[in-house]
There are 4 protein chains.
Amino acid sequence: MTTQRKAPDAARRNETARRAILTAALDLAGEVGYARLSIEGIAARAGAGKQTIYRWWPSKGAVLFDALLMLSEGQGDQPADLPDTGDLEADLKTVLRATVDELNDPRYSEPMRALAVEILLDPALAADFAERLDEPVRELKRRRLSRAQAAGQLAADADLDVAVDLIWGPLRTRWLYREGPLTTAFADTVVETALNGLRPGASSRPTSPTPT
Amino acid sequence: MTTQRKAPDAARRNETARRAILTAALDLAGEVGYARLSIEGIAARAGAGKQTIYRWWPSKGAVLFDALLMLSEGQGDQPADLPDTGDLEADLKTVLRATVDELNDPRYSEPMRALAVEILLDPALAADFAERLDEPVRELKRRRLSRAQAAGQLAADADLDVAVDLIWGPLRTRWLYREGPLTTAFADTVVETALNGLRPGASSRPTSPTPT
Amino acid sequence: MTTQRKAPDAARRNETARRAILTAALDLAGEVGYARLSIEGIAARAGAGKQTIYRWWPSKGAVLFDALLMLSEGQGDQPADLPDTGDLEADLKTVLRATVDELNDPRYSEPMRALAVEILLDPALAADFAERLDEPVRELKRRRLSRAQAAGQLAADADLDVAVDLIWGPLRTRWLYREGPLTTAFADTVVETALNGLRPGASSRPTSPTPT
Amino acid sequence: MTTQRKAPDAARRNETARRAILTAALDLAGEVGYARLSIEGIAARAGAGKQTIYRWWPSKGAVLFDALLMLSEGQGDQPADLPDTGDLEADLKTVLRATVDELNDPRYSEPMRALAVEILLDPALAADFAERLDEPVRELKRRRLSRAQAAGQLAADADLDVAVDLIWGPLRTRWLYREGPLTTAFADTVVETALNGLRPGASSRPTSPTPT
DNA sequence: TGGTAATCGAGACGGTACGTCATGTCTTCCC
DNA sequence: GGGAAGACATGACGTACCGTCTCGATTACCA
């Protein structure tokens, strides 16, 4: 067992209170921003006692994490996989444009930023996040790239983890640091550049599967 | 007047106190981590009054920012430019390896992480940071790439801003989110992949300056 | 009906739980003192649910009250009356010395002090206490004095209630306020002074029953 | 030094805040009773921060203590001594009647009861109270009795401490336990009985200074 | 003798208050 | 005037209990 203290009895958990707390966390993150997001405030907004939060979550970040999970699941999107039309470049652009839209929507963006801060501050939460959200998603990405590799659309010796960072990293960095506007054009350029590389002659290479 | 409140007279500023405060901020960030870094703690450690901090800096993040600036300047490194041996790939690897070392050193890494958090929280600080530190450094990077482009080592139509994100972004993301160990091997692979792209046949293209 | 809420069915009451709760209350009062005595703690120590306490007692003070009643009854002392050897002064000294011993024993003293606090705080409990414990005991005292009065050992016009306060009050006050050590010597002096009065010549008056 | 932690600098103390806190404590004790008297409530009512209370007082009881001291001093009554007209009995009745009036006035009575509770709970406060308030007052009482003793109005061998308890104890006990109404008649009877004793023949002894 | 209704241990819940910490403003006194 | 020191109002922290509530699992009465 890894539980600390007296483990609460999950069977008796009040689902209504749980949802109220997660919803309040999302709403408040969107309304007042992370800096002013407090557990006290979440409890008050949710009509819950503070102890109910402390009983079930170890930190403010963990609440935000669950809140964002609820948000994704609520959409029922649960993408079993990334799109695969056979055209890798087009598929990646589709995905990154969707991400751009999400990051430009404060309803998603603000809680995500709040969660990002908590992750930066708290290595334990970072590990939890990596395991439960980041790694599964990364696995989806790797899988899509792997299929492209099998189809000869990616270099056979490409390190797929680096590939994922190359494709998805720039967007995340620009968003976090507010380094510039997040546009679909930027997303497209990143995909193209990551695929073709920076060296000359790259863009002349075929974009679609090499004909034999 | 455009100044808010009573503008302090910079001429009378006590340089000793300033350095003590910045040093204390760096030390404490390294020792207790960002989450427990407080202005009160900095003042106490520096033997300074809190008001002295509030008089000269608008926020904890601003103190950290100045502290990191002092740290870079103190090294006297002030690199007017990135290395340019003519071999772009080698030069980029040199720079990224140095960055890896820095990010693995808590003395640099912890204050940087602390500053990153403040930037995420505070758009005003983000803008300040972008203008005074990020943009100048980015300009150095763009300049080096621009020279490579002129030498025909980069595609003529490459978007250099995207290129910078592609090369430096993955390292920063992996560090911030603690997604994996930061190694020089990772740095090398990122440089190679960014230059050659992910498509097949890329790695067969020349790595050194094109012979005439 | 005059009952508030849903009157619990006393017939079904679990005597084991009742005793466990009262015992736990006494033990905890002795161990941690009143200030840290909590219903939650009593329930935990007794292996009882909190509701079992709230079902049968209206307040923490009521639990303590019953606990002290159990303690006295448990002794089987139930003194139908105060000692009456014919020598009033000696009898009073016997009783007060016994009280001194009791007040010096933390096992009795601490719960009593806890109950005293509750009585000070809660007029309803005070009334209950007065009716069920204080008044019966006071009646015993008054009865003993009354007999002495009939025997001519007390002034015929003495107000027996005031007499009780005069004899038993100083001990209680000194104990409550911790104004000084509780000794049998103090008890003796109080009895003598109360009987003889403070005026000169008092001590020369006969101490034993007046000879006819 | 007996100070714990970092001793606050009394010289910088804000007298306005101090008075506001003490006044709020008295008012609230009178309004909501002790059981609902909270430090948080006092701070809120006083427009003060909780820390300001915790900085200067170790406990709620200590605040009440100071508040009552302020109340007495505010009256400017500061009786250097108890009345001494030469008639001990009359003087004692005067004093006890005044006490009866005080105890029947909720403005005094409620804070006093609150303080009494704190004293019961907290031996440290009890000691402080004994030293700073109870003992000085007791000394005044002893002094008055001592003068009476010198004048031959009290038995030469009377224990003056016991005498004080005998005279003032019954009133205090009856008040604390709400054992009965506090009337001036009760005060008078207590004085008479304490002076004359309970034995027969006592009341025939002279009440005024012995004639020569 | 099996149904059923209340008690029981357990503990989650919405709350209130605790005592501590840090915030940013202020005031005081020294240089 | 700047600076060290630190008191102040504010507000969040995480904890302890409050008194109410719901949950099976015993009981113990009653049909």
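Residue numbers start from 1 in every chain, and the chains themselves are labelled A, B, ... in the order their sequence lines are given, proteins ahead of strands.
- Residues from residues 17-36 of chain A lying near DNA chain E, meaning a heavy-atom separation below 4.0 Å, are Ala17(A) in numerical order.
- Geometric assessment of Arg12(B) against the ring of Trp56(B) yields a negative cation-pi assignment under the 6.0 Å and 45° thresholds.
- Within the 4.0 Å cut-off from OP1 or OP2 of dT7(E), not a single side-chain nitrogen or oxygen of Thr52(C) is found.
- The separation between Arg45(C) atom CZ and dA10(E) atom P is 15 Å, rounded to whole Å.
- As judged by a 4.0 angstrom heavy-atom cut-off over every strand, Gly47(B) is placed among residues touching the sugar-phosphate backbone only.
- To the nearest angstrom, C1' of dT20(E) lies 18 Å from CH2 of Trp56(D).
- Atom P of nucleotide dA5(F) and atom CD1 of Ile53(B) are separated by 12 Å, given to the nearest angstrom.
- Along DNA chain E, the nucleotide closest to Ala10(A) and the one closest to Ala10(C) are compared, and the more 5′ of them pairs with Ala10(C).
- Judged by atom type and distance alone, Lys50(B) does not reach the base of dG6(F) through any side-chain donor-acceptor pair under 3.5 Å.
- Taking atom CZ of Arg55(D) as the reference point, atom P of dT10(F) lies 14 Å away to the nearest angstrom.
- The 5' end of DNA chain F is approached more closely, in terms of each residue's nearest nucleotide, by Asn14(B) than by the other of Asp9(D) and Asn14(B).
- Looking at Leu37(C) and Leu64(C), their side chains come closer than 4.5 Å, going by heavy atoms from C-beta outward.
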Give the C-alpha distance, both sets of side-chain angles, the deciding distance and a yes or no for side-chain contact (heavy atoms from CB on, under 4.5 Å) between Glu118(D) and Tyr34(D). CA-CA 10 Å; Glu118(D) 290 290 348; Tyr34(D) 172 78; 2.5 Å; yes
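- Between Glu40(C) atom CD and dC17(F) atom P the separation is 7 Å, expressed in whole Å.
- Within the model, atoms CZ of Arg107(A) and CG of Asp27(A) stand 6.0 Å from one another, a figure rounded to the nearest 0.5 Å.
- When the nucleotides dC18(E), dG14(F), dG2(F) are ranked by their closest atom to the side chain of Tyr54(D), dC18(E) comes out on top.
- Here OG1 of Thr23(B) is found 11.0 Å from CG of Leu28(B). Values are rounded to the nearest 0.5 Å.
- If you measure from atom CD of Glu15(C) to atom P of dC8(E), you get 11 Å, rounded to the nearest angstrom.
- The residue Arg13(B) sits close only to the backbone: its heavy atoms come under 4.0 Å of sugar-phosphate atoms, none of a base.
- The backbone N or O of Leu176(D) sits less than 3.5 Å from a side-chain atom of Arg113(D), completing a donor-acceptor pair.
- How far CZ of Arg18(C) is from CD1 of Ile53(C): 13.0 Å, rounded to the nearest 0.5 Å.
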Is there any protein nitrogen or oxygen under 3.5 Å from a nitrogen or oxygen in nucleotides 29-31 of chain E, and what are the pairs?
none

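- The local environment of CZ in Arg13(B) is crowded, with over 12 non-hydrogen atoms from other residues, nucleotides or ligands closer than 6.0 Å.
- Salt bridge annotation for Arg132(A)-Asp66(A): present, with a cationic side-chain nitrogen under 4.0 angstrom from a carboxylate oxygen.
- Atom CD1 in Ile39(D) sits about 16 Å away from atom C1' in dA9(F), given to the nearest Å.
- Rounded to an integer number of Å, the gap from CD of Gln51(D) to P of dA12(F) is 16 Å.
- Looking only at distances, no side-chain donor or acceptor of Arg45(D) sits under 3.5 Å from a matching main-chain atom of Ala25(D).
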